[in-house]
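This report refers to the structure that appears directly beneath it.
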Amino acid sequence: MTVSVPPLPRRARLPGRGSLPVRVARNPAGLFGIFVVTGLLVLVAFAPQIAPYDPAHQDIVNRLQGPSANHLLGTDQLGRDLLSRLIFGVRIELQVAVPATLGALALGLLLGLAAGYLGGRADNALIVVMDAIQAFPAVILALTILALLGPSLRNVAIVLAVAFAPAYARVARALVLAVKQNPYIEAERSLGASSPRIVLAHIVPNILPPLLTLVAMNLPSAIGAEAGLSFLGLGVQPPTPSWGVILADGFEHVRDAPWAVIWTGLTLMATTLGFTFLGEALRDQLDPRLAGALH
Amino acid sequence: MSEQSQVEQLVRDLSDGRLDRRTFLQRAAAAGLALGTANALAGALGADSAFGSTRAAGVLRVRAVGDVQNMDPAFIPGSNEGAVLANVYEGLVAFKPGTYNLVPVLADKWQPSNDGLRYHFTLRKGVKFHGGYGEVTAADVKFSFERTAGLTSPAIESPYKSDWAALGEVRVTGRYSGTIILKNKFAPLLTNTLPGFDGYIVSRKAVSDLGDDFAHHPIGTGPYEFVSWTPGQKTVLRKFEGYGGSWQRHVKAPIWSGIEFVPISVSNAATIAIQSGAVDWGPIGPEAVNSFKSDSKFRVDARTTLNYSWIGMNIAHPNLKDVNVRRAIRAAIDVPSILAAAFDGKWSRARSLLAPGMPVGYWKQAPAYARDVNKAKSFLARSGVSGLELTMAASKTAVGGQTIAEIVQANLADIGIKVQVLVQDRSVFNQLGGDAQKNRQLFYELFTTPTPEPSFATEWFTCGQVNVWNWQSWCNRQFSTWDAQAMKTLDPEIRSEVAWPTAYFAGKKAIKPSLQPSGFYQTWDFRQT
């Protein structure tokens, strides 16, 4: 007797023609996202070469200056060059946002896989835990954890990873539940494949693309959250030029010297839009459900 | 038009609906009255004339820097309560607004003995307590003072007990007369204790009737009586219709029908509240002065206080034990830059612990240390210390605290000292003794000194305050002895020139420089606007 086994897709097929960056760039929003994210990565890599001043250098005599040829974006209350602080601030933002988001992805993926694949009591228990974390206000959760651990870059990243993980877990669980119903999973199982093999070889590759688009869309949230915590004095400590710190410093002088608030606000906005647009464009290209590629 | 008639016209316009409340306030301010009025009403902040008309002019909303906690004069935690209670309570004597001249308030007559050990007083008759608690009598005076001094039964443990340390008793000689009898001469009696909140007269019956609730329901004799306290939102006072008029011998009658104290701790939020009309008057941060000054709708009154702030070093910490390390830090810090950046140039540099406005003890010739990086490096080299890492703490609510810490961080980086800035909640920053003191290194702190008593500014640096408020851990027995002796000396000249401990800093007493306190050399007097 011949058993008909459906093909085993290693990963979802991608719609459209050309490489992924090319397809993303065809979308104007995606192009904007690529432009912003690439720009940020360049700033991260070459901050010391690009920034006109040391971001910690104080020049009290020239404090709270508006934009000029010497200081293109002006200076803060200690006479520090705002442009240089914003450029170096990118490093800090990504230093927190990337580990926080990837940490949340790893944690969420692990929990989502466990819940979705194992099902039953494990699923129920993990869902309750995730719901409990999500029900807890993220800011209060962050304040509590940072109060216990103390403010630092690493701790902010940990806090954000914990706060974001439930969202990944829920998405991962839902995707696992959908994928594991597929005939090829049944076929693998009937052929004696172990659970780790099924999960690693067939489920993870299928659910990862949508999760990665979520990563791209979560990065600006992490950057915003870090800026918010630093604004409250719970993030990075002086003189590290986090955008939240620059914003908080500028807020005190917003009536007389609004430049710090304006530039930091615009930078945050552009970054958020860039990552969000890129995430959406990636989702359009990678999400198998949207693309109709997940069978 | 005279000041008085301007106010009366404004009040009439307000009453008749021709002016809204905000316009009234603005015009009153333009007449040079309203802000001074508010300031005077909040007498504890260092006030000027308070009164313009006997007719009501609406409710004055005052920005308070923080919420009240305990309004019992024997236990008040700070200036937030002080501003409220200045309108609710009266003492036998007080400083005439705008001066440090003592004037009688509840006292009708006031006579010190020649030896300075007895103070005879006669009360004004017919002065009533709020809330129907009857007339003020000499028995209330006795109760009020002896209560804070811990002489009543059962005794209370007031944190201000030391302000009455010299009190033997208050002897009642009649319904309205009595004598304050001291065990020894006590100079702060007339500069701090009696004219300050320690001298407020409380109703013995009210304290007894209200019990613990007295802390949140003050009963005094002042022009305003307590109405309500909504934690975190406001404290409400209303004009006391039965006011005995004790202050009216010195200032005009209050015009506001009520006062609301709205706690807004963040300076920027307070600025917005004032600009939006949510509050009518209040202290603003130095960074907001220029924008208010350039806005014709507002008037800014600048008043120099006796308060001071400083960068301190805990000499008990192993990192700061070496005097050369401390000298290096002192030489490296750029004070003019701090004044410019942290206070927008609105505060001025003080060269010693006692501010220029202090009637005695101001040290005019005190040295002002200029920044000298080479000298700082030389001191550090002499200490043999390298790779030094320090922490510098500042309270989140201290004006300019973080900016100062960041400047110090940059200044000390220039001589190879790495500083970690700790911007802390006030509750964490203010932790006393134990590990908090053991771990404290550099810090920026501000002390308020509401009365012109030098010891009020210096007592925190005595040996007895080590592990309490003496965060420098600096203990010099001679200094502490002089500080105590100065309190017992009544002659202002002697206090200023001979006994007062500032002489110590002038080097007149040949104390080894290695014992020089680490925290005193960079202070600023406080120009609060």
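So you know, we letter chains A, B, ... as the sequences are listed, proteins then strands, and number each from 1.
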Exercise: identify the closest heavy-atom pair between A/R80 and B/E406:
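Heavy atoms only, the tightest pair is NH1-OE1, 2.6 Å.
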Locate the shortest heavy-atom distance separating B/Q409 from A/P239; write the atom from each residue and the value.
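Looking at all heavy atoms of both residues, the closest pair is OE1-CD, 3.1 Å.
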Side chain from CB out, backbone as N, CA, C, O: work out which of these in B/A288 comes under 4.5 Å of a heavy atom of chain A, or both, or neither.
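The answer is both parts of B/A288.
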So what's closer than 4.5 Å to chain A heavy atoms on B/D344: side chain, backbone, both or neither?
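The answer is both parts of B/D344.
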Would you say A/F35 has more than 12 foreign heavy atoms packed within less than 6.0 Å of its CZ?
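No, the 6.0 Å shell around CZ holds no more than 12 heavy atoms from other groups.
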Report, as yes or no, whether the 6.0 Å neighbourhood of atom NZ on B/K396 holds more than 12 heavy atoms from other residues, nucleotides or ligands.
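Buried by this count: over 12 neighbours within 6.0 Å.
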Side chain proximity check, [X] to [Y], heavy atoms < 4.5 angstrom:
X      : Y      : answer
A/D256 : B/E287 : no
A/I60  : B/I407 : yes
A/E252 : B/Q402 : no

Partner chain A: residue of [options] with the largest heavy-atom pair count (under 4.5 Å):
options                        : result
B/T271, B/V266, B/V423         : B/T271
B/A410, B/S291, B/P336, B/A405 : B/S291
B/A340, B/S267, B/S294         : B/A340

Can you measure from OG1 (B/T403) to CZ (A/R63) and round to the nearest 0.5 angstrom?
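Atom-to-atom, B/T403:OG1 and A/R63:CZ are 8.0 Å apart.
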Side chain, backbone, both or neither: which part of A/Q58 has a non-hydrogen atom closer than 4.5 Å to chain B?
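A/Q58 touches chain B through side-chain heavy atoms alone.
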